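Please read all numbers here as calculations on a predicted model, not as lab measurements.
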Amino acid sequence: MSSTAAQSKRRIVVLISGSGSNLQALIDALNTPALPNAEIVLVVSNRKAAYGLTRAAQATPPIPTAYLALATYVKQNPGKTREDYDAEVAKIVLRAKPDIVVLAGWMHILSETFLELLDGRKVVEDTPVLKPIPVINLHPALPGQFDGASAIERAYEAFTKGEITHSGAMVHRVVKDVDRGEPLVVREVAFVAGESLEAYETKLHNVEHEIIVEATKKVLEEL
């Protein structure tokens, strides 16, 4: 590949907290029709033991990683706040010069500070943002339903009570209100009578692996 072609690849930064199965879906889709002309330039985790960091290290070629936990950051920097932590995460992300930031199982609600730094409303001296960097998030529920944590469990409970027949998953743009940004890709997933939470969860995760790639491609094509 020529250096020009390599330079023109779209740059993706992925934020994770856990096993990284959605990260793996993105890695597997790179340089295929599902996600052409793109590379993951950094994986950031807020949990040291996140297996997603291992997935990044074992990728071909290995993907650089960074780790920063809120509790550790606050402990090491007395007087610093959650917003300061979010700003620090934003600086780590910005140094990688991403075209897009994908939250793939990132279990930390980012404050407005992070978004302001990514879209250029606030400026970090050493990393100016020339144009707003889109931030997207995978959420295992449909728009307007089960915002926030434990969405799958809450949906399953609603199903067992006969309140709903299906839930689903979406990828949406990140705004300051949790899970309320513009939906980019939405997929319904039906419950089946008698199925366990684990069975439904497996089915939902398979859908997540598809839509996180689809939404990333969609946003990159819009840039």
Side-chain angles (χ1 to χ4, degrees), residues 14-29 43-55 67-71 74 82-83 85-86 89 101-112 114-115 134-219:
V14 183
L15 273 57
I16 63 163
S17 296
S19 74
S21 63
N22 290 298
L23 165 65
Q24 190 65 55
L26 289 165
I27 292 171
D28 293 344
V43 172
V44 182
S45 175
N46 64 343
R47 292 182 182 165
K48 201 170 192 174
Y51 185 67
L53 293 172
T54 302
R55 291 181 190 271
Y67 154 73
L68 189 66
L70 174 60
V74 171
R82 186 187 185 98
E83 282 72 23
Y85 167 80
D86 287 354
V89 173
V101 176
V102 182
L103 310 186
W106 171 255
M107 303 305 289
H108 167 82
I109 296 170
L110 291 163
S111 65
E112 184 77 348
F114 180 88
L115 298 174
V135 183
I136 65 175
N137 177 56
L138 176 69
H139 183 61
L142 297 175
Q145 294 187 329
F146 310 110
D147 297 341
S150 305
I152 299 174
E153 291 80 2
R154 285 153 59 208
Y156 184 78
E157 186 180 353
F159 162 65
T160 60
K161 290 177 178 176
E163 296 167 358
I164 58 174
T165 58
H166 63 271
S167 185
M170 67 168 170
V171 181
H172 63 91
R173 294 187 188 277
V174 175
V175 296
K176 65 178 181 178
D177 298 317
V178 177
D179 299 325
R180 286 301 169 122
E182 174 204 350
L184 294 160
V185 180
V186 178
R187 196 78 55 82
E188 289 186 359
V189 180
F191 289 102
V192 175
E195 79 178 331
S196 66
L197 171 61
E198 292 72 23
Y200 178 74
E201 205 164 359
T202 299
K203 199 163 63 175
L204 190 73
H205 287 327
N206 290 334
V207 168
E208 288 180 327
H209 300 161
E210 294 172 9
I211 67 173
I212 196 164
V213 172
E214 197 178 317
T216 302
K217 182 184 182 186
K218 182 177 181 178
V219 174

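For the pair His108 (side chain) and Ala69 (backbone), a donor-acceptor distance under 3.5 Å is absent. Remark: side-chain polar atoms of Tyr85 are paired, donor with acceptor, to backbone N or O of Leu68 under 3.5 angstrom. Side chain of Arg173 to backbone of Pro134: no donor-acceptor contact under 3.5 angstrom is found. Panel note: side chain Lys218, backbone Val185; no donor-acceptor pair is recorded below 3.5 Å. Remark: side-chain polar atoms of Arg154 are paired, donor with acceptor, to backbone N or O of Ala149 under 3.5 angstrom.
For Ile212 against Val102, the heavy-atom pair with the smallest separation is CD1-CG1, 3.7 Å. Leu53 approaches Ile16 most closely through the heavy-atom pair N-CD1, 3.7 Å. Here the closest heavy-atom approach between residue Asn22 and residue Ala104 is recorded as CB-CB, 4.0 Å.
The distance from the OH atom of Tyr156 to the CG atom of Leu204 is 13.5 Å, given to the nearest 0.5 Å.
Ring geometry for Phe191 against Phe159 counts as parallel: the plane angle stays under 30°, on a 0 to 90° scale with 60° as the upper cut. Ring geometry for His205 against His209 counts as parallel: the plane angle stays under 30°, on a 0 to 90° scale with 60° as the upper cut.
Between Glu157 and Lys161 there is a salt bridge, with a side-chain nitrogen of the basic residue lying less than 4.0 Å from a carboxylate oxygen of the acidic one.
In the model, Gln24 has a side-chain atom that pairs as donor or acceptor with a side-chain atom of Asp28 under 3.5 Å.
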Determine, step by step, whether Val213 and Leu26 satisfy the side chain to side chain contact (heavy atoms under 4.5 Å, CB included) criterion, reporting the C-alpha distance in whole Å, the side-chain angles of both residues, the deciding distance to 0.1 Å, and the verdict.
CA-CA 6 Å; Val213 172; Leu26 289 165; 4.1 Å; yes
What verdict does the side chain to side chain contact (heavy atoms under 4.5 Å, CB included) test give for Arg55 and Ser21, after you've listed the backbone C-alpha separation in whole Å, the side-chain angles of each residue and the deciding distance to 0.1 Å?
CA-CA 9 Å; Arg55 291 181 190 271; Ser21 63; 4.2 Å; yes
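The number of heavy atoms from other shown groups lying within 6.0 Å of NZ (Lys203) is above 12.
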